[in-house]
Each structure stands twice: as structure tokens, then as C-alpha cells.
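The figures that follow rest on heavy atoms only: side chains count, while hydrogens, waters and symmetry mates do not. So that the names make sense, note that chain A is the first sequence line, chain B the second, and so on, each numbered from 1.
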Protein chains: 2
Amino acid sequence: MDGTSLRERKKQRTREALIDAAFELFTTKGFEATTVDEIAEAVEVSSRTFFRYFGSKEDVATSVQLQQFLDVYSALDARPAGEPVVTALRHAVGQVLRAYEEGGDDAFQFACVMRLVQDSPAVMARSLEMCTEQLDEMALRVAGRMGVDPIADPRPKLVAAVASAALQVAVRAWRETEPDEKVSDLADRAFALLEAGINYPPPA
Amino acid sequence: MDGTSLRERKKQRTREALIDAAFELFTTKGFEATTVDEIAEAVEVSSRTFFRYFGSKEDVATSVQLQQFLDVYSALDARPAGEPVVTALRHAVGQVLRAYEEGGDDAFQFACVMRLVQDSPAVMARSLEMCTEQLDEMALRVAGRMGVDPIADPRPKLVAAVASAALQVAVRAWRETEPDEKVSDLADRAFALLEAGINYPPPA
DNA sequence: CGACATCTGTCAGGCACTGACAGATTCGCT
DNA sequence: AGCGAATCTGTCAGTGCCTGACAGATGTCG
């Protein structure tokens with residue numbers, strides 16, 4: 001049952017092999033032009049086995065995105081307790097994004113997933129669905145920071161949803177800008193706007 | 001080419017018949033248990049014709065949601081020019097939702113779509129995708145209200161995305177609350193929170 | 001009425017995805 | 001090592017979504 005058993009290691013290896021093969025094919029042929037059979041063949045398993053690891057062809061991409069969410073959670077937990085929630089989210093997200101930008105290993109895969117999400121509607125749809133699935137988890141952490149009940153108080157869920165939306169806007173702006181503006185900067189600016197309030201013009 | 005030609009009227013009729021039949025079957029049998037063939041049979045057309053009207057089975061639901069977006073746009077344009085954007089969105093959305101709650105015709109269909117979106121993942125995914133498609137349009141109107149460039153200034157897109165997220169949170173909260181709390185009230189509260197700022201605790 | 005455009009049904013087919021079964025692999029135990 | 005149990009995998013058959021291509025029906029306009 002532990003992670004060092006032969007069975008578990010084999011499973012992990014085929015799982016990663018499937019992800020690698022899938023991204024290789026997605027980037028060269030495109031998402032919809034790639035069939036599950038091709039991915040499975042590249043790893044020398046049956047297509048039936050593919051569906052035992054991933055619920056759908058899109059899930060290969062979203063499984064990577066899920067890990068990114070978990071990274072944000074870790075970074076969020078590491079932020080000081082007194083920090084306001086949006087500010088904490090701003091720093092946590094910026095931290096994770098900068099790590100992806102500089103870390104050579106996952107940097108390619110990260111850009112790969114982002115392009116995939118923006119370019120193929122099916123992946124986009126599944127990705128958005130996964131993001132909303134993660135909203136409860138994120139709301140839970142926000143509620144913890146605020147010291148309020150995550151069910152009775154609507155604010156944690158709102159903050160989580162708004163933060164997720166801001167991040168999506170930043171990523172999309174990143175994909176659309178011609179020069180290589182950094183995602184981390186775009187996201188940082190988006191969160192900074194959230195901190196200041198968005199009911200323009202401010203009724204001061 | 002005008003809307004009163006026989007051909008156009010026939011098309012409109014089959015389109016509405018398909019939507020009605022689809023919702024009838026979705027509510028009784030469930031979304032995934034309903035096949036496109038069944039919907040087409042109920043209207044006495046071929047399933048091929050169904051796909052000439054709707055790009056996918058999910059699109060039957062999202063086509064209705066699209067109309068709701070258009071309603072919000074109309075309401076938004078009717079708001080006074082000086083009003084801050086989030087406040088204007090709050091009133092526009094509230095106005096549209098209250099109309100759906102009281103209008104007996106579309107009230108049933110509205111509740112129907114909302115249940116559909118929350119209950120079946122495929123519809124949820126497609127719905128979210130359509131919402132992001134509408135973000136540009138909404139951002140355009142927000143930019144007009146703010147009197148800024150919708151491309152150079154990132155704020156309109158951010159406001160649109162945040163407002164959409166807030167609305168989604170409200171709808172989801174509505175579906176989860178046992179008693180019949182009104183969507184319009186939940187949405188109003190969510191937008192009110194946005195107006196006040198969400199960087200809790202406020203660093204006052 | 002006739003030329004034309006448009007809509008529809010039928011057919012064939014690809015691809016995503018699933019349940020069921022049998023064979024192979026690994027695990028836990030003696 | 002050896003044996004039964006649990007788990008993983010491949011094969012097969014099948015359903016359902018969705019699409020291109022063609023031919024026939026229907027509406028449109030001079």
C-alpha cells in the first residue's frame with residue numbers, strides 16, 4: 001500500500017509516460033488531431049488502459065493543472081497569518097508562477113498546458129470545470145485565514161472564485177500579448193487591482 | 001432574408017421545438033440518459049438535423065443561457081452613465097433575475113437550465129466555456145462605461161470576469177440552499193460585497 | 001413555371017468511452 | 001519457494017456523439 005511497492009512504481013511510470021506522450025503528440029499534431037489510440041500506442045499499452053488512468057482525453061491536461069493548484073495551496077499556507085486574503089493569494093500565486101518560469105523542468109510543460117487550454121475548446125471547458133471543482137478547497141483555506149465559517153459566510157467562496165477569475169484573466173492576457181511579458185507580472189497586477197477595489201470610478 | 005419568410009419561420013419553429021423536447025427529456029430522464037436520437041425523434045426530424053441547429057447536445061442548454069447574457073447586456077445599457085461599474089452590474093443582474101423569477105413563462109425554463117448546469121458535468125463545462133466567451137463582450141461594455149480602452153486597460157476584462165464569477169457563486173449557492181431563497185437576493189449580496197472590496201480584513 | 005438556393009434525410013464512418021471477461025502480474029502469507 | 005488473493009491489463013463488443021458527402025425535398029425569386 002506504500003509508495004515504494006513495485007506495483008505502485010509501475011503505475012506511476014506508465015502514468016507519467018502517458019502524460020509525456022500525450023503532450024508530445026498534442027504539441028506536434030494538435031489536441032483534436034491526436035487520438036487516444038496514438039497516445040496509448042506510443043507508450044505500448046492498450047487504449048483501454050489509458051482510460052483506467054484518465055477519465056477522458058482532456059484529463060491528461062487537467063491532471064497537470066491540478067498539481068498547480070496544489071502548489072498554490074502550499075504557498076498560501078506558508079503566508080503569514082495576519083495578511084489580508086487577496087494579498088496572501090497575490091503573493092502565493094506570484095510565488096508559484098515565478099517558480100514555473102525559472103524552473104527549467106516544468107517550465108516547458110507549464111507553457112504547454114496553458115497553450116493547450118487556450119487553443120482547444122474541449123480542454124478549456126474541462127479546465128474551467130476543474131477550476132470550479134477546486135473552488136471549495138480554496139474557499140476552505142480562505143475561510144481559515146479569515147477565521148469564519150466557510151459554509152455560513154459567503155465571502156470565502158466569493159474570494160476564491162474572484163481570485164480564480166483574476167488568474168484566468170492574467171493567463172489569457174499572457175497568451176495574447178505578443179512580447180514575452182511574464183505571467184507572474186500580469187497576475188500580480190490583476191491581484192493588485194483586486195486589492196484596491198474594482199468598482200470604478202471609486203465613489204470617493 | 002427578413003425574419004418573416006416561410007423558411008425562417010419554419011427554422012425558428014423546429015429550433016424551439018428541439019429546445020422544448022430536449023428540456024422535457026433532460027428533466028425526466030436526465031441529461032446523459034437522453035440521446036440525441038430521442039430528442040430528434042420527439043420533433044420528428046433526423047438526428048443529423050439536430051446537429052445542424054446545435055453544435056452539440058450541451059449547446060441546447062447553453063443557447064438558452066446565451067439569451068440570459070443578452071438580457072443582462074440590455075439591462076446594463078439602460079443603467080445611468082455615472083454609475084460605478086460593479087454597482088451598475090449589480091442592478092442589471094438583479095433586474096434580469098427578478099424578471100425571470102416573476103415571469104411565469106421563462107421562470108420554469110430558467111430553473112431548469114440552472115439545475116441542468118449544476119447537475120451534469122458536461123453541461124457545466126460547456127456553460128463555463130460559453131461564459132468566458134462572453135467575457136470579451138461584457139468587458140467591452142464595462143470599458144465603455146469606464147471610458148477607457150478595452151484592450152490596453154486590463155481593468156474592464158477583470159471586472160467582467162469577476163462579475164461573472166460572483167454570479168456563478170450566487171447561482172451555486174442558490175442551488176445548494178434548501179429553502180427557496182431567491183437568486184436575485186443572493187446575487188445582490190455577492191455584488192454588494194464586491195462593491196465594498198474583498199481583501200479581508202480591510203487594512204483600515 | 002423554371003432556375004436557383006437552402007434545408008433535410010440517409011448513409012458511412014471515425015472517435016471517445018464503457019462493461020465484461022480472461023489472462024498476466026504482483027502481493028501477502030506460510 | 002509456493003500458493004491463493006488482489007490487482008492490473010488486453011481483447012472484444014457495443015453505445016453514443018459528431019461529421020462529411022450525396023441526393024432528394026422544399027422554399028425563393030424572376
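- A sub-4.0 Å separation between OP1 or OP2 of D:dT9 and a side-chain N or O of A:Y53 is present.
- Classification of A:D136 and A:R141 as a salt-bridged pair fails, no side-chain N sitting under 4.0 Å from a carboxylate O.
- Contact annotation: B:K11 side-chain N/O to C:dC7 OP1/OP2 distance is under 4.0 Å.
- Contact check, B:S56 against D:dC17: no side-chain N or O comes under 4.0 Å of OP1 or OP2.
- Here D:dG16 is the nucleotide among C:dC27, D:dG16, C:dC17 with the atom lying nearest to any side-chain atom of B:T35.
- Where the helix from C:dC1-D:dG30 to C:dT30-D:dA1 starts and where it ends, the local axes point in directions that differ by 30°; five pairs per end, rounded to 10°.
- Look at CD on B:E44: it is 14 Å from P on C:dT8, rounded to the nearest Å.
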Please lay out, stage by stage, how B:Y73 and B:Q134 fare under the test side-chain contact (heavy atoms from CB on, under 4.5 Å). CA-CA 10 Å; B:Y73 295 156; B:Q134 287 301 309; 2.8 Å; yes
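- For the OP1/OP2 pair of D:dT28 and a distance below 4.0 Å, the side-chain nitrogens and oxygens of B:S5 include at least one atom meeting the criterion.
- Toward the 5′ end of DNA chain D lies the nearest nucleotide of B:F31, the other residue of the pair B:F31 and B:L6 mapping further downstream.
- OP1 or OP2 of C:dC7 has not a single side-chain nitrogen or oxygen of B:K10 nearer than 4.0 Å.
- A salt bridge does not link A:E101 to A:R98: none of the charged side-chain nitrogens sits closer than 4.0 Å to a carboxylate oxygen.
- Under a cut-off of 6.0 angstrom, the local environment of CD in B:E176 is crowded, with over 12 non-hydrogen atoms contributed by other residues, nucleotides or ligands.
- When all heavy atoms of B:R79 and B:A92 are compared, the closest pair comes out as CD-N, 4.4 Å.
- With the nearest nucleotide of DNA chain C identified for both A:R48 and A:T34, A:T34 has the one nearer the 5' end.
- Crowding of A:D149 atom CG: a count of heavy atoms from other residues, nucleotides or ligands under 6.0 Å exceeding 12.
- Listed nucleotides: C:dG9, C:dC17, D:dG10. Nearest to the side chain of A:E58: C:dC17.
- Among C:dC15, C:dA5, D:dT19, the nucleotide with an atom closest to any side-chain atom of B:R7 is C:dA5.
- When rounded to the nearest whole Å, the span between NZ of A:K57 and C1' of D:dC18 equals 13 Å.
- Between the P atom of D:dC18 and the CD atom of A:E32 lies a distance of 14 Å, rounded to the nearest Å.
- As rounded to whole Å, 10 Å separates atom P of D:dC8 from atom CZ of A:R52.
- Scanning all heavy atoms of the two residues, the minimum distance from B:V117 to B:M124 falls at O-CB, 3.3 Å.
- B:S46 comes within 4.0 angstrom of a base, heavy atoms only.
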